There are 2 protein chains.
Amino acid sequence: MSLTDKAIEQIRELIRTGALPPGSKLPPEPDLAAQLGLSRNLAREAVKALAVARVLEVRRGDGTYVTSLQPSLLLEGLGGAVELLQGDSVALQDLMEVRRLLEPVATALAATRISDAQLAEVKGHLEAMREARDDVEQLNAHDAAFHRAVVSATGNESLLTLLEGISGRTLRARIWRGLVDDKAAGRTLAEHEAIFRALSTRDAALSQAAALLHVSNTEQWLREHLRSSEPLPVGTTERN
Amino acid sequence: MSLTDKAIEQIRELIRTGALPPGSKLPPEPDLAAQLGLSRNLAREAVKALAVARVLEVRRGDGTYVTSLQPSLLLEGLGGAVELLQGDSVALQDLMEVRRLLEPVATALAATRISDAQLAEVKGHLEAMREARDDVEQLNAHDAAFHRAVVSATGNESLLTLLEGISGRTLRARIWRGLVDDKAAGRTLAEHEAIFRALSTRDAALSQAAALLHVSNTEQWLREHLRSSEPLPVGTTERN
DNA sequence: CACTGCAATACATGCCATGTCTGGTGATCG
DNA sequence: CGATCACCAGACATGGCATGTATTGCAGTG
């Protein structure tokens with residue numbers, strides 16, 4: 001185990017035990033290095049690794065601080081991880097299966113908690129999708145926002161971040177492109193409407209069923225296109 | 001955005017686009033630094049950050065390689081993230097809620113796929129728990145193995161890693177200590193037996209119900225003890 | 001002659017020390 | 001009250017030495 005790894009462990013321990021509470025400031029690099037018993041260089045490596053993991057935040061010219069350690073921050077890196085395992089069809093289908101398991105129950109929970117304002121937001125994205133018929137970019141954006149709004153209504157930040165992470169921006173974009181090409185956008189839109197109607201009546205079971213139908217159809221579509229079409233187009237989507 | 005961050009992005013892009021497939025070797029540090037247009041120090045920081053995220057693997061004296069990029073590897077860091085947000089009771093309850101949503105459906109799925117051999121393994125851990133009545137350490141270990149075996153029967157690696165991650169080793173240990181103190185170990189054991197019996201008959205609905213009951217009871221226990229007892233004992237559990 | 005064992009070597013990362021540069025903050029002065 | 005400047009933080013570069021690993025080549029042996 002390298003000294004850098006030990007340093008990372010030490011800092012993590014300090015945070016875990018509460019010696020470094022969220023928002024607190026770390027010593028300057030030279031002092032930190034001295035405390036950890038290593039050179040500035042390795043201290044920087046450790047800090048950088050934890051900063052990438054959203055555990056620390058370095059403000060240039062000011063200092064290094066512990067982040068808020070909110071679940072939404074810590075679990076955020078999950079999305080980045082998902083982006084890397086594209087191309088492995090097995091892994092993609094596994095993730096879709098997780099989404100098929102989790103999103104319906106999350107939607108059911110949302111049905112029991114959603115407020116009128118949140119319902120209105122969901123409706124807004126639904127209508128935006130309806131109007132953006134052939135604009136893949138817009139469709140994708142409002143689709144993502146639709147699901148985000150639904151899951152967000154559970155009030156569970158961790159749940160939201162997890163689901164957002166496993167959904168995967170790039171994957172979703174690819175699916176929508178394919179759906180439009182297949183003229184299947186209409187059916188997908190209808191599925192969203194079903195989810196919204198179920199949420200409107202606060203019917204948990206119905207919401208769950210509608211969500212399952214939707215995710216399941218998407219999963220089915222993905223499975224077929226992973227089998228038949230080209231191995232996998234990668235890097236053809238630009239970032240936001 | 002710092003040069004190190006750019007370097008991390010560049011390497012990630014190379015991996016994402018397939019220019020650096022899993023298992024491939026990166027150039028030596030000096031060459032890599034030259035290619036990225038920065039000093040060896042910053043190249044090391046970038047590599048270290050990606051190594052911590054299990055995207056790269058550095059073998060001293062040999063070279064730096066891209067890992068297998070298996071979901072189980074990439075999502076592994078999630079467990080480490082969860083350990084850090086202890087003490088924030090809201091975040092803990094949110095995570096328990098996710099587990100309450102996900103584990104029952106995962107168990108139901110497992111019921112439809114579990115093999116006789118896997119069933120035997122589950123049974124083994126159940127009996128081990130029964131015999132280890134008052135040994136918190138043993139109870140905890142076999143409890144974790146029990147759930148791991150169940151979810152593992154789904155054949156979905158990503159699902160397994162996610163659930164293991166959000167369960168949290170340290171949290172589970174704390175709960176078991178409390179359960180034994182409350183003389184509630186017997187009831188918890190009975191819940192595990194119910195899950196096993198349901199799995200034995202390959203009854204998905206029953207398995208789901210049994211798992212929900214179990215996780216829900218655990219969640220309830222945690223909620224009460226987060227409210228009443230001391231703020232939170234931290235750092236009182238040794239690592240494995 | 002082919003093969004095995006080992007030692008020397010080349011090359012990889014690990015780690016350190018020290019320097020300059022640049023941005024941010026806060027005090028100071030008009 | 002606002003502009004300015006000094007200081008302190010991290011950002012980045014360079015060069016060197018330490019140490020671990022894989023490979024190469026040679027010796028000895030079947």
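Note that the coordinates shown come from a computational prediction; the quantities given were computed from them, not determined experimentally. Lettering of chains follows the sequences in order, A, B, ..., and the numbering in each one begins at 1.
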- [ ] Can you check each nucleotide of nucleotides 5-12 of chain C against protein heavy atoms at under 4.0 Å and return B for base, S for sugar-phosphate only, - for none, in 5' to 3' order?
- [x] -------B

Open item on the list: Going by ring pair (Phe, Tyr, Trp, His ring centres under 6.0 Å), name the residues that satisfy it together with A/Trp176, two or more places apart in sequence or in a different chain.
Closed with: none

Nucleotide N/O to protein N/O under 3.5 Å, stretch nucleotides 26-28 of chain C:
none

Strictly under 3.5 Å: I want the nitrogen or oxygen pairs between protein and nucleotides 16-19 of chain C, one per line.
unit_1 : atom_1 : unit_2  : atom_2 : d
C/dC16 : OP2    : A/Ser39 : N      : 3.2
C/dC16 : OP2    : A/Ser39 : OG     : 3.4
C/dC16 : N4     : A/Asn41 : ND2    : 3.4
C/dA17 : N6     : A/Asn41 : ND2    : 2.8

Open item on the list: Let me confirm one number: the NZ-OG distance from A/Lys48 to B/Ser2, rounded to the nearest 0.5 Å.
Closed with: 3.5 Å

Task: A/Glu57 CD - D/dA9 P separation (whole Å) - done: 17 Å

Task: Whether A/Arg113 side chain and A/Ala153 backbone form a donor-acceptor pair below 3.5 Å - done: no

- [ ] Would you mind reporting whether B/Thr161 and B/Leu74 have side-chain heavy atoms less than 4.5 Å apart?
- [x] no

Task: Gap separating the CD atom of B/Glu29 from the OG1 atom of B/Thr64, nearest 0.5 angstrom - done: 6.0 Å

- [ ] Answer yes or no: does a side-chain N or O of B/Thr4 lie under 4.0 Å from OP1 or OP2 of D/dC12?
- [x] yes

- [ ] Flag the pair B/Leu42 / B/Glu45 as yes when at least one side-chain heavy-atom distance between them is below 4.5 Å, and no otherwise.
- [x] yes

- [ ] For B/Arg54, check side chain to side chain contact (heavy atoms under 4.5 Å, CB included) against everything at least two apart and list the hits.
- [x] B/Leu73, B/Glu76

Task: Close approaches to DNA chain C from residues 44-54 of chain B, in residue order (heavy atom, under 4.0 Å) - done: B/Arg44

Open item on the list: With a sphere of 6.0 Å drawn around CZ of B/Arg148, does it hold more than 12 non-hydrogen atoms of other residues, nucleotides or ligands?
Closed with: no

Task: Contact check, side chains of A/Leu102 and B/Val105, non-hydrogen atoms, under 4.5 Å - done: no

TODO: Rounded to the nearest 0.5 Å, what's the gap from CD on B/Glu103 to OG on B/Ser167? Could you check?
DONE: 6.0 Å

TODO: Determine, using ring centers only, whether A/His192 and A/His147 are less than 6.0 Å apart.
DONE: yes

Task: Flag, side chain of B/Asp94 to backbone of A/Asn156, donor-acceptor distance under 3.5 Å - done: no

Open item on the list: If I take atom CE in residue A/Met1 and atom P in nucleotide C/dC15, what distance separates them, rounded to the nearest angstrom?
Closed with: 11 Å

- [ ] Examine distances only and state if a side-chain atom of B/Arg12 and a backbone atom of A/Gly80 form a donor-acceptor pair shorter than 3.5 Å.
- [x] yes

